[in-house]
Amino acid sequence: MPLQVIAGVARGRRLKSPPAGVRPTAAITKRSLFDILGPRIEGARVLDLYAGSGALGIEALSRGAAECDFVDRDRRCVAVIRANLEAIREATGGRPGRVDCAPADRWLERHAASGGYDLVLADPPYGDPGLTRAMTLLAEPGALAVGGWLVVEARTSAPPVVPDGLTEVRSVRHGDSTLTILAAS
């Protein structure tokens with residue numbers, strides 16, 4: 001099934017798929033996530049980490065996020081993200097934020113403390129060795145806004161290790177994937 005925006009001002013817009021070998025979030029998982037997030041999206045400052053095609057951040061923009069930064073380490077993914085943002089630019093008012101090509105943990109080392117994100121969406125490759133470091137950096141003061149959430153998609157059999165500074169709010173399973181929602185504590 002092709003990637004597309006499911007709701008909001010860019011609803012129904014088709015998105016380019018990420019390069020081969022990149023696992024996009026399943027449509028049912030994405031719908032469930034955004035049903036949970038609900039009104040939390042409106043006006044939010046969002047970070048789409050391990051962005052792939054940018055579909056999660058683009059969904060947030062379509063549903064009223066104020067801005068979204070996109071980070072992926074694969075240059076091919078960054079090119080797809082830019083193309084997808086261009087495809088929805090008119091509908092969303094052209095407010096994407098920045099698109100950077102870097103490993104998530106290294107990007108966060110430089111930018112997390114000044115982040116103040118209301119929502120971080122992290123869908124890393126399963127078993128990514130940098131995820132634990134990335135989560136630790138997001139647990140530091142300033143990375144998440146007061147009341148901010150971090151959502152991590154991981155293989156159900158290998159849930160993320162929650163670092164000090166974050167508290168699990170909810171966990172939702174979809175097949176072999178689980179969404180773990182964490183809040184700054």
Side-chain angles (χ1 to χ4, degrees), residues 18-19 21-38 40-41 44-60 65 68-75 77-78 81 97-185:
V22 176
R23 172 196 46 79
T25 298
I28 191 166
T29 304
K30 183 167 70 167
R31 183 175 303 280
S32 173
L33 169 62
F34 282 93
D35 285 349
I36 292 166
L37 296 174
R40 188 173 269 285
I41 296 295
R45 185 158 185 257
V46 179
L47 171 61
D48 189 348
L49 203 55
Y50 305 95
S53 66
L56 293 178
I58 287 170
E59 189 71 35
C68 183
D69 292 335
F70 297 83
V71 178
D72 199 282
R73 68 178 174 198
D74 187 328
R75 291 193 185 285
C77 288
V78 169
I81 293 164
R98 65 182 154 206
V99 180
D100 287 331
C101 185
D105 55 341
R106 289 195 192 132
W107 188 89
L108 287 167
E109 286 170 359
R110 293 189 308 270
H111 301 286
S114 60
Y117 290 102
D118 300 301
L119 178 63
V120 177
L121 304 167
D123 182 13
Y126 288 159
D128 183 81
L131 177 61
T132 300
R133 175 77 178 132
M135 290 177 63
T136 300
L137 290 164
L138 287 164
E140 291 180 5
L144 291 174
V146 173
W149 278 6
L150 164 61
V151 179
V152 179
E153 182 176 345
R155 186 181 312 273
T156 299
S157 61
V161 176
V162 180
D164 290 340
L166 295 174
T167 304
E168 186 172 327
V169 173
R170 186 170 177 184
S171 183
V172 180
R173 182 178 176 179
H174 289 279
D176 70 340
S177 293
T178 296
L179 296 171
T180 303
I181 301 170
L182 306 162
S185 49

### Summary
CG (Leu47) and CG (Leu150) are apart, to the nearest 0.5 Å, by 9.0 Å
### Summary
Closest non-hydrogen atoms of Ile81 and Ala51, given as atom of the first, atom of the second and distance, are CD1-CB, 3.6 Å
### Message
If you define the side chain from C-beta out and look only at heavy atoms, does anything of Val78 sit under 4.5 Å from Asp74?
### Response
no
### Message
Show the nearest heavy-atom pair for residues Leu137 and Ala112, with the distance to one decimal.
### Response
O-CB, 4.0 Å
### Message
Please check: side-chain N/O of Asp48 versus main-chain N/O of Gly57, any donor-acceptor pairing under 3.5 Å?
### Response
yes
### Any side-chain heavy-atom pair of Cys77 and Val22 under 4.5 Å
yes
### Task
Go through the side-chain N and O atoms of Thr29 and Ser177 and say whether any donor and acceptor fall under 3.5 Å apart.
no
#### Entry: Heavy-atom donor-acceptor pair, Arg106 side chain to Leu108 backbone, under 3.5 Å
no
### Task
Determine yes or no for a side-chain-to-main-chain donor-acceptor pair under 3.5 angstrom, with Asp72 supplying the side chain and Cys101 the backbone.
no
#### Entry: Atom pair CG (Asp128) and CG (Asp123), whose distance is rounded to the nearest 0.5 Å
10.5 Å
### Query
Quick one: does Val169's side chain get under 4.5 Å of Leu182's, heavy atoms only?
no
### Query
Of Val46, Asp69, Leu138, which is the lone residue that meets side-chain contact (heavy atoms from CB on, under 4.5 Å) with Tyr117?
Asp69
### Test log, rule side-chain contact (heavy atoms from CB on, under 4.5 Å), inputs Phe70 and Ile58
CA-CA 9 Å; Phe70 297 83; Ile58 287 170; 4.1 Å; yes
### Pairwise side-chain contact, Trp149 with Arg40, heavy-atom cut-off 4.5 Å (strictly under)
yes
### Message
For a 4.5 angstrom cut-off between non-hydrogen side-chain atoms, does Arg73 reach Pro125?
### Response
yes
### Task
Starting at CZ of Phe34, measure out to CG of Leu121 and round the result to the nearest 0.5 Å.
5.5 Å
### Task
Kindly give the heavy-atom pair with the smallest separation between Ala158 and Ala154, and that separation in Å.
O-CB, 3.9 Å
### Task
Kindly indicate whether the side chain of Lys30, heavy atoms from C-beta on, has any atom under 4.5 Å from the side chain of Ile28.
no
#### Entry: Arg31 CZ: over 12 foreign heavy atoms closer than 6.0 Å
no
### Task
Show your working on side-chain contact (heavy atoms from CB on, under 4.5 Å) between Ile36 and Val172 and close with a plain yes or no.
CA-CA 10 Å; Ile36 292 166; Val172 180; 3.6 Å; yes
### Query
Between Ser171 and Thr180, which heavy-atom pair has the shortest distance, and what is it?
OG-OG1, 4.1 Å
### Asp164 atom CG: more than 12 heavy-atom contacts under 6.0 Å
no
### Approximate separation, where rounding is to 0.5 Å, of Ile181 CD1 and Glu168 CD
9.0 Å
### Query
Would a 4.5 Å heavy-atom cut-off, applied to side chains only, mark Leu56 and Thr25 as touching?
yes
### Task
Please report the shortest heavy-atom distance between Pro160 and Leu131, naming the atom on each side.
CB-CD2, 4.4 Å
#### Entry: Test side-chain contact (heavy atoms from CB on, under 4.5 Å) applied to His174 and Glu153, step by step
CA-CA 10 Å; His174 289 279; Glu153 182 176 345; over 6 Å; no
### Spacing of CG belonging to Asp118 relative to CD1 belonging to Ile41, to within rounding of 0.5 Å
9.5 Å
### Query
Going from CZ on Arg110 to CG on Asp100, what distance comes out if it is rounded to the nearest 0.5 angstrom?
7.5 Å
### Query
Can you name the nearest heavy-atom pair linking Ala104 to Tyr50, along with the distance?
CB-CZ, 3.4 Å
### Query
Are the side chains of Leu33 and Val151 in touch, meaning some heavy atoms are under 4.5 Å apart?
yes
### Query
Just by modelled atom types, is the Arg173 backbone N or O under 3.5 Å from a matching donor or acceptor in the Thr178 side chain?
no
### Task
Could you walk me through whether Met135 and Val161 pass side-chain contact (heavy atoms from CB on, under 4.5 Å), step by step?
CA-CA 9 Å; Met135 290 177 63; Val161 176; over 6 Å; no
